[in-house]
Protein chains: 2
Amino acid sequence: MANSQGTARYRQLAAALRADVLAGVYGEGGRLPSEEALAETHGVSRGTVRQALALLRAEGVVTSRRGTRRVVLEQPRVQSFAELSSFTRWARSLGEEPGGSVVASEWRAADAVEADRLRLAPGARVLWVLRLRTLGGEPVMVERTVYPEAVGALVDSLPPDTVSVTEGLEAHGILLADADHTLDLAFADPDDARLLTCPAGTPLLRERRRTSDPTGLPVEWSEDRYRAGTVAFTVHNSLASTALTRMRDTSDQEQSR
Amino acid sequence: MANSQGTARYRQLAAALRADVLAGVYGEGGRLPSEEALAETHGVSRGTVRQALALLRAEGVVTSRRGTRRVVLEQPRVQSFAELSSFTRWARSLGEEPGGSVVASEWRAADAVEADRLRLAPGARVLWVLRLRTLGGEPVMVERTVYPEAVGALVDSLPPDTVSVTEGLEAHGILLADADHTLDLAFADPDDARLLTCPAGTPLLRERRRTSDPTGLPVEWSEDRYRAGTVAFTVHNSLASTALTRMRDTSDQEQSR
DNA sequence: AAGTGGTCTAGACCACGAG
DNA sequence: TCGTGGTCTAGACCACTTC
């Protein structure tokens, strides 16, 4: 039987189990009931239980090994994809007050890197936006985002004081489904320095991100630069599911922008 | 029917499909055959096909949407967990020549942070090791690793010129299954500066990592500092599987070591 | 309306861990 | 040896996309 509306059974179950784990019902290092038992308790088949547990496994909430009950891992800080893709939602989930303002915005031709990342022809019309992001009033990040023409038109039509662009896009039916992030170091250029109120040349944590919609079509390509000490990125990976990659840096250093 | 020995059918299938995709059989943006068709072609059930496709989905190789065939995403650079957990294997997979040497090593009492990360009592005996890692002879990373007593004993018994500690541990039956990584910025202390031949205070990309065995028992806690421009970390995440987390930096800055 | 992926079930056998 | 998770099957219905 499938679900009638929004949330699948296995997601509900995963949420329930996650809550139990976080509430310490099994204790750190404790053992979950067997799949069989969970199936019985929750009135679903073992297959559905396994789907739920696979989620928790990927999140690093529990282990899994043949022959042994699943063990509770360290309390994880799990964030939803939505919170990851949106600075605003992330900040809110932390209880911080997000702020943001558009510093500059212009239509222009995509350079080689941008065209490649957005899967457009070189020279295609794109909207480039420079934003300053704040947390509790403090400037923490400079964001340079490029949108393909269709998306850019929507972004351009949003009120200039829109805090969450993501939510603005969603309201127009543009959903985000996939993101690739690359993390490394960069140094503050004059714009960064001015906006973040730090000397030029200050080292910053750089996140370059390409986000796509459910079709696989790129929706944005962004380079975000965080002041040191304001954020850290964490990744969980396991034999079962690998999402992190470490790569040799062949960076098209600064000159590309 | 289960498999008789090592590799599950769905993993073989995933590997085959991944190879096809990378070989450009479907073309970027192309569409995969339907699950039904794949099941038929490969002589397995739809369930098995779906397991294989779930792997590729998590890797960011293909999309998936109800109602439409799966679409090939950008060529991904997928790394195995083994390559992520071992500097040596990572380097080899890139065709680079990894090097490494133990600079210092000592048994000592775990400080608060170390005990917490390794899930030990404060003051427990741990082995602390300082290593310099090189790539093609160039120093690229300084690694400070702490091992719980049992693991440390093994590490201590390895020949001092052992290039891959991970492989040494595996030879003794210690397997790695899970890792949590935290990425942010740090600044070179005098040791870093000397080893990496850069001025003290140079910004470095810092990776703090806790690796666990299949039981969930922490095996190592490490702080690695990379010279800027030598590596970048990439993460893929999606609505389906989220592994990346962005968190507020509450760093126990430098003084903890 | 037809095709496709998403969800769910019920049952089977296997491989591994622990007693 | 027994309990547990890992793998696989066969079939069902649903929700969404596309025509």
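Scope of the values below: all heavy atoms of this structure, side chains included, with no hydrogens, waters or symmetry mates. Every chain is numbered from 1, with letters handed out A, B, ... down the list of sequences.
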**Request:** Would you indicate which nucleotide in C/dT9, D/dT4, C/dT7 comes nearest to any side-chain atom of A/Ser34?
**Result:** D/dT4
**Message:** Nearest to the B/Ala8 side chain among D/dT7, C/dT9, D/dG6, which nucleotide is it?
**Reply:** D/dT7
**Message:** When you measure from the centre of the six-membered ring of B/Trp107, is the NZ or CZ of B/Arg125 closer than 6.0 Å and no more than 45° off the axis?
**Reply:** yes
**Asked** So which nucleotide from C/dC8, D/dT17, C/dG6 ends up closest to the side chain of A/Thr48?
**Response** C/dC8
**Request:** Could you say whether B/Val49 or B/Arg31 is positioned toward the 5' end of DNA chain D, judged by the nucleotide with the nearest heavy atom to each?
**Result:** B/Val49
**Message:** It should be established whether A/Thr68 places a side-chain nitrogen or oxygen under 4.0 Å from OP1 or OP2 of nucleotide D/dG3.
**Reply:** no
**Fill in**
Ranking C/dC8, D/dC8, C/dA15 by distance to the side chain of A/Arg66, first place goes to C/dA15
**Message:** Any N or O donor-acceptor pair under 3.5 Å from the base of D/dG6 to the side chain of B/Arg11?
**Reply:** no
**Prompt:** Run the side-chain hydrogen bond (donor to acceptor under 3.5 Å, both in side chains) check on B/Arg57 and B/Ser64 step by step: do they pass?
**Reply:** CA-CA 7 Å; B/Arg57 179 73 190 84; B/Ser64 62; 3.1 Å; yes
**Request:** Rounded to the nearest angstrom, tell me the gap between atom CD in A/Glu40 and atom C1' in C/dT9.
**Result:** 15 Å
**Request:** Could you state the atom-to-atom distance from CG of A/Leu56 to P of D/dG5 in whole Å?
**Result:** 13 Å
**Request:** Report the distance from atom OG of A/Ser164 to atom CH2 of A/Trp90, rounding to the nearest 0.5 Å.
**Result:** 14.0 Å
**Prompt:** Which whole-number value in Å describes the distance from B/Glu36 CD to C/dG5 P?
**Reply:** 9 Å
**Request:** Could you pick out which residue, A/Gly43 or A/Arg65, lies toward the 5' side of DNA chain C when each is mapped onto its nearest nucleotide?
**Result:** A/Gly43
**Request:** Can you figure out which of D/dT9, C/dT7, C/dT9 approaches the side chain of A/Ser45 most closely?
**Result:** C/dT9
**Request:** Can you tell me the distance, in whole Å, between the CZ atom of B/Arg57 and the P atom of C/dT7?
**Result:** 12 Å
**Asked** Rounded to the nearest 0.5 Å, what separation is found between the CG atom of A/Leu53 and the CG atom of A/Leu17?
**Response** 6.0 Å
**Protein-nucleotide distance (B/Arg9, atom CZ; C/dC13, atom P), rounded to Å** = 17 Å
**Request:** From the options C/dT9, D/dT7, C/dG6, select the nucleotide whose nearest atom is closest to the side chain of A/Val44.
**Result:** C/dT9
**Prompt:** Where the side chain of A/Gln51 is concerned, which of C/dG17, C/dG5, C/dT7 is the nearest nucleotide?
**Reply:** C/dT7
**Request:** Grab the CZ-P distance between B/Arg50 and D/dT9 for me, whole Å please.
**Result:** 14 Å
**Request:** Find the distance A/Leu55:CG to C/dG6:C1' and express it as a whole number of Å.
**Result:** 13 Å
**Message:** Are there over 12 heavy-atom neighbours, none belonging to A/Glu167, within less than 6.0 Å of that residue's CD?
**Reply:** yes
**Message:** Let's test your reading of the model: under 3.5 Å, does the base of C/dG6 pair with the side chain of B/Arg46 as donor and acceptor?
**Reply:** yes
**Asked** Rounded to the Å, how far apart are A/Leu13 CG and C/dT7 P?
**Response** 14 Å
**Request:** Look at the side chain of A/Arg69 and decide which nucleotide, out of D/dG5, C/dT7, C/dT4, has an atom nearest to it.
**Result:** D/dG5
**Full working for side-chain hydrogen bond (donor to acceptor under 3.5 Å, both in side chains) between A/Thr211 and A/Glu220** = CA-CA 5 Å; A/Thr211 314; A/Glu220 62 162 20; 3.1 Å; yes
